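To start, the structure itself, in structure tokens.
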Amino acid sequence: MHLAFRLTLVLSLFISVSQAQNYSASLIPDSLKENAHSVYREINETMDLTSVNSGTKKTRVVITVLDKEGDDEAILMIYYDKNAKVSFNQSNIYDKTGKKVKKIKQSEILDIPAFDNGGTLYTDSRRWAYKPNFGDYPYTVEYDYEIACTNLISYGRWSPFQGYNVSVEHSMFTFTHSKDLQFKKKESNMAFQSKIVNKENKVSETWESKNIVAREYEPYGVSLNEKMPVLFLMPVELIYDNHIGKASNWQEYGKWVYDLYEGRTDVSAAEKPKIQSLVSNIPDTLQKIKKLYEYMQERTRYVNIKLGIGGYQPFSAQTVFENGYGDCKALSNYMYALLKQIGVTSYPTIVSSGNYIESIYSDFPNFYQFDHEILCVPFRKDTIWLECTNQTMPFGFLGDFTDDRDVLLITKEGGKFAHTRKYNAGDNLMITNAQMDIDLTGNANCTIQARYVGLQYADILSMLSDTPEEQRKWMVKHNSLPAYKLNTYTIKNDKKSIPEATINETSSSRNYCSFTGNYMILPLNTIDEQESIQKMIKKRTTDFVIPRSTIDLDTLTYKIPADYKIDFLPAPKRLTTPYGDYTSSAKVEDKKIIYTRKFQLNRGHFKASEYNDFYEFVLAVNKADNLKAMLVK
């Protein structure tokens with residue numbers, strides 16, 4: 001779904017620059033080269049409105065690429081559609097000394113479809129694209145263009161920060177509009193003030209930032225939106241063709257979106273008898289909802305669609321029935337129509353999707369923060385959330401794509417905030433039981449059962465619907481036993497609201513144990529070993545986030561050869577921290593070694609200064625997972 005208004009990848013202000021401008025790479029301050037693969041020498045942007053929903057965006061951007069890893073920053077990418085006309089002023093390439101070595105012709109800039117990944121079926125969006133392919137580092141590219149825009153329902157988003165390992169010498173954005181224009185702005189993490197100039201009946205407001213040093217990626221980091229300066233601009237009045245509304249708050253915004261669904265929420269006459277036959281013999285309403293959800297899954301598939309206002313307006317339910325496909329809006333609307341047919345109330349719901357849970361600006365409606373749509377079904381004392389784009393998702397389960405976050409219900413009265421289900425540690429389990437029969441050569445014959453529950457089930461969801469051949473490949477790839485050979489396996493998929501999948505396998509592991517003299521060395525945990533995480537070489541600058549709580553429970557029983565006896569077992573291990581808890585122990589029972597392990601990771605937002613403690617905790621878990629028993633003849 002394309003609720004976010006993306007017209008250009010980079011917008012910048014056109015300013016007159018002398019031909020004598022020196023872009024020699026030697027003039028870049030050393031502080032801006034540190035940790036950087038590219039440097040934005042200038043990013044200058046303007047938005048000059050001619051009416052509430054039209055205007056011109058002018059861009060001038062100059063980028064110096066320091067090495068091969070910075071090449072992607074020099075790629076020109078301008079997205080547009082029927083509401084935008086792009087004009088090019090100049091595009092040039094300069095060598096390391098700042099000498100112009102190439103004037104890029106407009107014929108070299110490709111006009112191509114906006115999406116080429118095969119997932120988009122219909123779109124009227126296109127892009128202008130150019131890749132320098134210069135290769136003699138450092139080099140500099142300059143792009144200067146403008147875009148005449150109509151049907152504007154957003155005035156843009158600006159941030160001087162351009163990404164990791166990128167520094168910025170100078171960035172500026174100017175917004176010009178009539179004095180009587182009603183609009184809203186949101187400034188977040190701004191350490192600098194804008195400057196306002198009044199001239200006749202126009203107002204110009206400028207934001208400017210200089211010498212932004214490059215940041216390096218930090219693992220488990222918070223969202224860039226939470227730490228970088230960012231500006232959002234929105235009209236109070238929304239006008240797209242004949243679709244008119246307001247967006248001074250989220251309720252009005254939701255009402256404008258709701259009106260786009262008008263006339264699109266009824267099932268076709270041809271489908272009504274089918275719906276009735278599906279549910280006529282089901283007395284329970286919840287089971288009726290489930291039946292229609294599975295019916296929707298069976299006969300539809302997801303495709304990306306963006307035609308005109310289609311980035312916000314869904315295909316009709318009848319169109320989805322006839323074609324058998326739709327995007328997230330169309331499929332959610334289709335499910336809405338199916339439920340409407342049997343008298344069940346539901347609400348299309350827009351959400352910021354992804355593993356990371358973004359904070360929503362509750363005081364600032366905008367087209368940037370929500371990018372996906374699901375369906376909300378209020379039911380008795382609980383709420384059912386339906387993901388309509390995944391044909392294998394269990395009924396009522398969201399996974400970590402849309403769980404535990406603020407969402408906006410699209411209702412007749414307008415937008416209303418709600419919160420999706422949170423899955424706690426006890427919901428997100430991986431439970432492993434293994435019987436390991438060790439022979440005299442140190443090989444292991446294994447019988448293993450692994451249960452994946454909740455969000456740990458979501459991690460393997462795509463594999464569950466694969467062919468047996470692909471499932472085998474997955475199991476071999478994701479197994480950590482040495483010289484592993486999979487013999488047989490079965491999978492049970494229990495698609496309840498907190499789903500679980502159980503994999504039973506028989507397998508073998510050659511050289512599971514090693515030898516030294518008369519001793520056999522037996523690893524106690526090679527099935528669910530915790531990997532270490534990245535250590536911070538430099539001082540961490542940002543907070544870190546553990547996005548979900550999970551629990552791993554393991555019981556491994558080792559049958560040892562009759563010729564050996566147990567010489568050494570490691571002592572029980574216990575670790576307790578704010579980030580998680582770990583226990584493991586090994587005991588002897590009926591001449592078998594029984595190893596048990598519990599590892600719980602705790603969701604949370606933690607200070608940057610705590611990251612080394614978190615690293616040491618995970619490292620200690622990794623070391624504990626590598627403990628071994630000693631057997632002797």
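Residue indices begin at 1 and follow the sequence shown. When reading the values below, keep in mind they use all heavy atoms of this one structure, side chains included, and skip hydrogens, waters and symmetry mates. Predicted model, so just to flag it, every value in this text is computed and none were measured.
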Using ring-ring contact (aromatic ring centres under 6.0 Å, His included) as the criterion, list what pairs up with Tyr139, not counting sequence neighbours.
-> Phe134, Tyr137

Can you name the salt bridge (Lys or Arg N to Asp or Glu O under 4.0 Å) partners of Lys202, sequence neighbours left out?
-> Asp48

Tell me, please, which residues at least two apart from Tyr336 pass ring-ring contact (aromatic ring centres under 6.0 Å, His included).
-> none

Test ring-ring contact (aromatic ring centres under 6.0 Å, His included) applied to Phe183 - qualifying residues, sequence neighbours left out | Phe175, His177

Pairwise salt bridge (Lys or Arg N to Asp or Glu O under 4.0 Å) hits with a residue in residues 70-79, at least two apart = none

Pairs satisfying salt bridge (Lys or Arg N to Asp or Glu O under 4.0 Å), at least one member in residues 164-173, at least two apart | Arg41-Glu169

With Thr389 via side chain to side chain donor-acceptor pair (under 3.5 Å) - residues at least two apart | Glu387

Kindly write out the residues that satisfy side chain to side chain donor-acceptor pair (under 3.5 Å) with Ser462, not counting sequence neighbours, or none if the list is empty.
-> none

Salt bridge (Lys or Arg N to Asp or Glu O under 4.0 Å) with Glu69: which residues, sequence neighbours excluded?
-> none

Going by an N to O cut-off under 4.0 Å, is there a salt bridge joining Asp543 and Lys227?
-> no

Are a donor atom and an acceptor atom from the side chains of Gln313 and Tyr240 found within less than 3.5 Å of each other?
-> no

Contacts of Glu322 that satisfy side chain to side chain donor-acceptor pair (under 3.5 Å) - sequence neighbours left out = none

Between the side chains of Asn225 and Tyr361, does any donor sit under 3.5 Å from an acceptor?
-> no

Within a strict 4.5 Å, meaning less than it, do heavy atoms of the Asn390 and Leu461 side chains meet?
-> yes

Under the ring-ring contact (aromatic ring centres under 6.0 Å, His included) test, which residues partner His37, sequence neighbours left out?
-> none

With sequence neighbours left out, the residues meeting side chain to side chain donor-acceptor pair (under 3.5 Å) with Asn133 are none

Are Ser353 and Asp371 close enough that a side-chain donor and a side-chain acceptor fall under 3.5 Å?
-> yes

